[in-house]
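Below: one structure, written as structure tokens.
Throughout, numbering of the chain's residues begins at 1 and tracks the sequence.
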Amino acid sequence: MDSYVGFYHKDRPGRASLALDLMEEFRSVMSDRFVLTLINKRIINKSHFLMKEDGAVLLNDIGRKVFLKSWQEKKQTMIKHPFLGEKIEWGMAPYVQALLLARYLRGDLDEYPPFFWK
């Protein structure tokens with residue numbers, strides 16, 4: 001599979017459109033939910049951010065460490081894959097979906113099973 005040819009994102013030189021397409025189904029359940037959980041549980045707070053003069057807001061060094069430590073822990077959480085019915089690490093879900101997409105494109109599956117999460 002060519003990682004620069006996508007389904008949803010317009011092909012552009014130097015942009016891995018297929019990777020962006022695969023991550024699209026994980027945006028709300030993996031990325032957005034993770035960030036909101038860090039904020040709601042006060043794992044990340046105002047002291048972890050740096051305000052720049054131009055209005056940009058960035059994670060400071062401590063905030064980055066907290067974020068990355070939490071992300072590494074989250075990726076190791078075991079889940080039951082909704083299509084396969086097997087237990088996998090949360091961080092392996094995008095890889096498993098890429099394998100399922102490859103199987104669909106090769107004709108091994110009749111349809112691509114999207115990752116639906118509760």
Side-chain angles (χ1 to χ4, degrees):
M1 293 191 310
D2 186 347
S3 62
Y4 292 91
V5 177
F7 298 101
Y8 303 126
H9 293 84
K10 186 176 178 182
D11 296 342
R12 216 170 49 196
R15 180 165 113 181
S17 297
L18 182 58
L20 295 173
D21 289 352
L22 285 169
M23 283 309 301
E24 203 61 45
E25 65 186 307
F26 290 100
R27 180 188 308 257
S28 64
V29 296
M30 189 176 255
S31 304
D32 296 348
R33 187 179 291 184
F34 173 71
V35 170
L36 289 173
T37 298
L38 291 180
I39 294 167
N40 289 337
K41 290 187 173 183
R42 292 178 171 76
I43 297 168
I44 290 281
N45 58 52
K46 188 177 178 178
S47 70
H48 294 119
F49 292 93
L50 175 65
M51 292 279 298
K52 293 286 204 169
E53 290 179 11
D54 63 357
V57 180
L58 306 171
L59 278 172
N60 60 29
D61 290 339
I62 294 170
R64 260 190 306 282
K65 287 178 186 177
V66 169
F67 181 89
L68 292 173
K69 180 178 182 281
S70 298
W71 179 242
Q72 292 301 327
E73 291 170 359
K74 177 68 174 177
K75 288 191 325 181
Q76 294 174 9
T77 304
M78 297 300 287
I79 64 166
K80 184 177 178 181
H81 191 279
F83 176 74
L84 299 176
E86 297 178 15
K87 288 189 175 189
I88 62 169
E89 289 182 350
W90 184 234
M92 291 297 293
Y95 175 72
V96 170
Q97 288 305 117
L99 293 177
L100 290 171
L101 177 62
R103 288 181 62 191
Y104 167 69
L105 293 174
R106 282 193 312 258
D108 298 338
L109 292 174
D110 292 333
E111 59 184 23
Y112 172 71
F115 187 87
F116 290 120
W117 194 245
K118 51 185 171 171

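Between the CG atom in Leu38 and the CG atom in Asn45 there is a gap of 11.0 Å [rounded to 0.5 Å]. Atom CZ of Phe26 is separated from atom CZ of Phe115 by 5.0 Å, given to the nearest 0.5 angstrom. The NZ atom of Lys80 sits 12.5 Å away from atom CE of Met78, with the distance rounded to the nearest 0.5 Å.
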Output side-chain donor-acceptor pairs under 3.5 Å for residues 89-104, partner residues at least two apart or in another chain, one line each.
residue, atom, partner, partner atom, Å
Gln97, OE1, His81, NE2, 2.7
Gln97, NE2, Tyr112, OH, 2.9
Gln97, NE2, Pro113, O, 3.0

Atom pairs and distances, side-chain donor-acceptor, residues 58-69, under 3.5 Å, sequence neighbours left out:
residue, atom, partner, partner atom, Å
Asn60, OD1, Ile62, N, 3.2
Asn60, OD1, Gly63, N, 2.7
Asn60, ND2, Ser47, O, 2.8
Asp61, OD1, Arg64, NH2, 2.4
Arg64, NH1, Leu59, O, 2.7
Lys69, NZ, Glu73, OE2, 2.9

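Hydrophobic cluster membership differs between Ile43 and Leu50, with clusters built from Ile, Leu, Val, Met, Phe, Trp and Tyr side chains linked at under 4.5 angstrom. Under a hydrophobic-cluster definition in which Ile, Leu, Val, Met, Phe, Trp and Tyr are linked whenever side-chain heavy atoms come within less than 4.5 Å, directly or via other members, Met30 and Phe116 are assigned to different clusters.
Residue pairs meeting the salt bridge (Lys or Arg N to Asp or Glu O under 4.0 Å) criterion with at least one member in residues 39-59: none, sequence neighbours excluded. Listed by first then second residue, pairs satisfying ring-ring contact (aromatic ring centres under 6.0 Å, His included) with a partner in residues 35-58 number zero, not counting sequence neighbours. For residues 104-117, every residue pair satisfying the salt bridge (Lys or Arg N to Asp or Glu O under 4.0 Å) rule, not counting sequence neighbours, is listed here: Arg106-Asp108.
Side-chain contact between Pro82 and Trp117 is present, with at least one heavy-atom pair separated by less than 4.5 Å.
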